[in-house]
Engineer: 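Got a structure for you, questions after.
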Amino acid sequence: MSKINPVEISALIKEQIKHYSKDIQTDQVGTVISVGDGIALVHGLDEAMSGELLRFAGDIYGMALNLEKDHVGVIILDESTAIKEGDEVRTTGRILEVPVGDVMIGRVINPLGQPIDGLGEIKSTKTRPLEKKAMGVMSRKSVDEPLQTGIKVLDALVPIGRGQRELIIGDRKTGKTSIAVDTILNQKGKDVICIYVAIGQKESTVAALYESFKKYGAMDYTIIVSASASEPSPLLYLAPYAGVSIAEEFMHQGKHVLIVYDDLSKHATAYRELSLLLRRPPGREAYPGDVFFLHSRLLERAAKLNDALGGGSITALPIIETQAGDISAYIPTNVISITDGQIFLQSDLFYTGVRPAINAGLSVSRVGGSAQIKAIKKVSGTLRLDLASFRELEAFTQFGSDLDDNTKRKLERGKRTVEILKQGLHDVMDVEYQVLSIYALTTGQLDNIKLEDIKRFEEHLHQTFTSDSVGQACLDTIRKTKGLPETKDLNQVIESAKKSFA
């Protein structure tokens, strides 16, 4: 039997002591006081941070939103029926994050970045926090690059630039989503990544949109973030922040992103529901006091970065639904004051067959001509005034008074203006063809074409320019120089189109 050598043992113990490191892990554990409607009140988490991810029993996660004196108000990011009073809740030390990167393109995800399109898991190596401070003034650059929507009335009268926030506002069923969808379809081949955030939409609507995007090849550059109407309100509240966090990753890589929030009225309603359940004091229309901050901190994250930071951009198209055309209601006025202009859709125009039903008088882009190419700026100079005076004359002629020739001419031109600005669903048009249509209109070359033939003539005109060598040279000039070609060349091709038009 070998003897125990005390010297060896003490040497061994000394060695162990030398390498001993004090690595104490502390877990903060709280208890659920009450739970219901997607909200849990938790006692005992004194060290919890605002926005921290908390873990309930059964691997259900929540986010700390209210830090009260004696409890924490938590929004539950899953089905809350499995949580009961007295359950343990642990802090994670992590802020809520969403996976980002190129792997997200072409996928349909929920606001937590989990796929809901049945195409397997998303293997992303990078995440970004949902809440982040917007870029400062010195990191930005003024908007000077157009983002073409492919919709004539918008590109001519309410131009949108990369890095702008342009609100789409109107009553339900006036074509708000259609404008946003058409703008996404028009980004094909233009090196813009699109993110469509569906907040509180029907799942069938999101599925139909997904099919449309697939049909037109838009899913190759689009991500859909969906928090459908059947989801708990915490997910509706988080959806737009998840979308913009994914967008910021691309922006910081120097890429251009277009993000659509459809719609922020439902987002505000979901936040109001959460706030009332968390017992926050209600303000006007029962919205909490920070409902303005809710949208301002979201929309301020859209920006055009300066060249030193890569020159990337996020262009935001928030959508707001009005009640009976009331744009002076609480949420609409809030969002109008945050954005750089609005596109106002009117039910009356929609029902009379003017589609897109854009009211040119109430729609405005505060970026203006700096978001247009030279050619379209030149041809559409008088368009807004022409349209406004036509609407005024139209109202006046309803009284049936005798009209002089000049007024009749103005009316006829106005009718042709309205006709040429009409556009079908998903019928987007390249900017060079828009220039041709508006040039022919504003120079009076459509005045002797019958009103019912205008749309047919427009198609014929575009075909003539494409097939004619002079016309092709004109199109190339607009594409390359962004300027207007020689007027004699344009007039020559338009005349030949009129002659061959049957």
Side-chain angles (χ1 to χ4, degrees), residues 146 148-159 182 186 353-356 358 360 369 372-391 393-394 405-424 427-502:
Q148 306 293 352
T149 62
I151 300 165
K152 284 174 285 192
V153 63
L154 288 187
D155 290 340
L157 298 178
V158 196
D182 285 355
N186 195 52
V354 179
R355 293 174 196 180
I358 294 166
Q372 279 177 313
I373 64 165
K374 291 194 296 264
I376 204 152
K377 199 192 296 190
K378 205 165 179 182
V379 297
S380 63
T382 60
L383 205 55
R384 188 185 289 274
L385 281 172
D386 291 351
L387 213 50
S389 62
F390 166 65
R391 292 276 176 231
L393 277 174
E394 196 182 28
D405 291 346
N406 190 27
T407 309
K408 279 179 187 162
R409 265 201 310 277
K410 273 189 175 173
L411 273 171
E412 285 306 312
R413 171 73 64 86
K415 284 175 186 168
R416 280 158 180 72
T417 305
V418 170
E419 200 59 36
I420 208 93
L421 292 178
K422 285 182 185 174
Q423 222 165 323
D427 175 24
V428 289
M429 189 181 287
D430 287 335
V431 71
E432 54 269 25
Y433 292 108
Q434 294 183 28
V435 171
L436 301 179
S437 297
I438 295 168
Y439 175 80
L441 169 81
T442 50
T443 52
Q445 311 212 41
L446 304 182
D447 291 359
N448 51 7
I449 298 215
K450 283 184 191 161
L451 195 61
E452 59 271 21
D453 290 341
I454 289 285
K455 291 311 282 178
R456 208 160 55 82
F457 176 71
E458 186 185 25
E459 279 173 34
H460 175 70
L461 179 71
H462 294 170
Q463 282 164 3
T464 310
F465 267 90
T466 313
S467 56
D468 184 285
S469 58
V470 179
Q472 196 60 57
C474 289
L475 289 170
D476 288 342
T477 305
I478 301 170
R479 281 189 201 112
K480 286 172 188 158
T481 68
K482 312 288 183 207
L484 201 61
E486 291 285 331
T487 50
K488 66 174 194 325
D489 293 344
L490 288 170
N491 294 342
Q492 180 192 325
V493 183
I494 294 170
E495 278 308 316
S496 96
K498 281 164 89 168
K499 279 179 190 147
S500 60
F501 180 63

Engineer: Residues two or more places apart in sequence or in another chain: which of them pass salt bridge (Lys or Arg N to Asp or Glu O under 4.0 Å) with E412?
Structural biologist: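 For E412 the salt bridge (Lys or Arg N to Asp or Glu O under 4.0 Å) partners, ignoring immediate neighbours, are K415, R416.
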Engineer: Testing the basics here: between S380 and Q372, what is the closest heavy-atom pair and its distance to 0.1 Å?
Structural biologist: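 Smallest heavy-atom distance, with atoms named: OG-NE2, 4.0 Å.
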Engineer: Quick one: side chain to side chain contact (heavy atoms under 4.5 Å, CB included) partners of N406, sequence neighbours excluded?
Structural biologist: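 Once residues adjacent in sequence are excluded, the partners of N406 under the side chain to side chain contact (heavy atoms under 4.5 Å, CB included) criterion are D404, R409.
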Engineer: Just to verify, which of I373, V435, I376 counts as forming a side chain to side chain contact (heavy atoms under 4.5 Å, CB included) with L484?
Structural biologist: V435
Engineer: In a check of side chain to side chain contact (heavy atoms under 4.5 Å, CB included) between L446 and each of T417, L451, L461, I454, which one passes?
Structural biologist: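 Option passing the side chain to side chain contact (heavy atoms under 4.5 Å, CB included) with L446: I454.
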Engineer: Measure the shortest side-chain to side-chain distance between P159 and K377 over non-hydrogen atoms and say whether it is less than 4.5 angstrom.
Structural biologist: no
Engineer: Tell me whether K152 contacts the main-chain N or O of I420 through its side chain, where contact means a donor paired with an acceptor under 3.5 Å.
Structural biologist: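 Pair found, side chain donor or acceptor close to backbone of I420.
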Engineer: If the condition is side chain to side chain contact (heavy atoms under 4.5 Å, CB included), which residues does P485 pass it with, not counting sequence neighbours?
Structural biologist: C474, T477, I478, L490
Engineer: Looking only at non-hydrogen atoms, find the nearest pair between P356 and V153 and report the distance.
Structural biologist: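 Answer, listing the atom of P356 first, then V153: CG-CG1, 4.0 Å.
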Engineer: CG/L383 to CG/L441 distance, rounded to the nearest 0.5 angstrom?
Structural biologist: 6.5 Å
Engineer: Could you measure the distance from the CZ atom of F465 to the OG atom of S437? Nearest 0.5 Å is fine.
Structural biologist: 9.5 Å
Engineer: Might you point out which heavy atoms bring V493 and G471 nearest each other, and give the distance in Å?
Structural biologist: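 That would be CG2-N, 3.7 Å.
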Engineer: Show every side chain to side chain donor-acceptor pair (under 3.5 Å) that has at least one partner inside residues 463-475, sequence neighbours left out.
Structural biologist: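 Residue pairs passing side chain to side chain donor-acceptor pair (under 3.5 Å), neighbours aside: Y433-T466.
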Engineer: Residues in salt bridge (Lys or Arg N to Asp or Glu O under 4.0 Å) with R355, at least two apart?
Structural biologist: none
Engineer: Who are the salt bridge (Lys or Arg N to Asp or Glu O under 4.0 Å) partners of R456, not counting sequence neighbours?
Structural biologist: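 Counting only residues at least two positions away or on another chain, R456 forms a salt bridge (Lys or Arg N to Asp or Glu O under 4.0 Å) with D453.
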Engineer: Can you see whether N186 engages Q148 through a side-chain donor-acceptor pair at a distance of less than 3.5 angstrom?
Structural biologist: no
Engineer: Could you grab the distance from atom NZ of K455 to atom CD of E452, nearest 0.5 Å is fine?
Structural biologist: 14.5 Å
Engineer: After noting the C-alpha distance and the side-chain angles of D447 and R413, does the key distance pass the side-chain contact (heavy atoms from CB on, under 4.5 Å) rule?
Structural biologist: CA-CA 6 Å; D447 291 359; R413 171 73 64 86; 3.0 Å; yes
Engineer: Compare all side-chain heavy atoms of E394 with those of V418 and state whether any distance is below 4.5 angstrom.
Structural biologist: no
Engineer: Please determine whether side-chain contact (heavy atoms from CB on, under 4.5 Å) holds for the pair L421 and V354, giving the CA-CA distance in whole Å, both sets of side-chain angles, and the decisive distance to 0.1 Å.
Structural biologist: CA-CA 9 Å; L421 292 178; V354 179; over 6 Å; no
Engineer: If I compare all heavy atoms of Q445 with all of N448, which pair ends up nearest, and what's the gap?
Structural biologist: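 Heavy-atom minimum between the residues: O-OD1, 3.7 Å.
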Engineer: Please confirm whether the backbone N or O of M429 pairs with a side-chain atom of Q434, one donor and one acceptor, at under 3.5 Å?
Structural biologist: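 It does hold such a pair.
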Engineer: Shortest non-hydrogen contact from L157 to R384?
Structural biologist: O-NH2, 2.6 Å
Engineer: Would a distance-only check, ignoring hydrogens and angles, find a side-chain to backbone donor-acceptor pair under 3.5 Å from Q423 to D427?
Structural biologist: yes
Engineer: Can you tell me how far apart CG (D430) and CG (L475) are? Round to the nearest 0.5 Å.
Structural biologist: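 It is 9.5 Å, given to the nearest 0.5 Å.
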Engineer: Between G424 and D182, which heavy-atom pair has the shortest distance, and what is it?
Structural biologist: O-OD2, 4.2 Å
Engineer: Taking it one step at a time, do K498 and F457 satisfy side-chain contact (heavy atoms from CB on, under 4.5 Å)?
Structural biologist: CA-CA 8 Å; K498 281 164 89 168; F457 176 71; 3.6 Å; yes
Engineer: Check whether more than 12 heavy atoms from other residues, nucleotides or ligands sit under 6.0 Å from atom NZ of K422, and answer yes or no.
Structural biologist: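 Buried by this count: over 12 neighbours within 6.0 Å.
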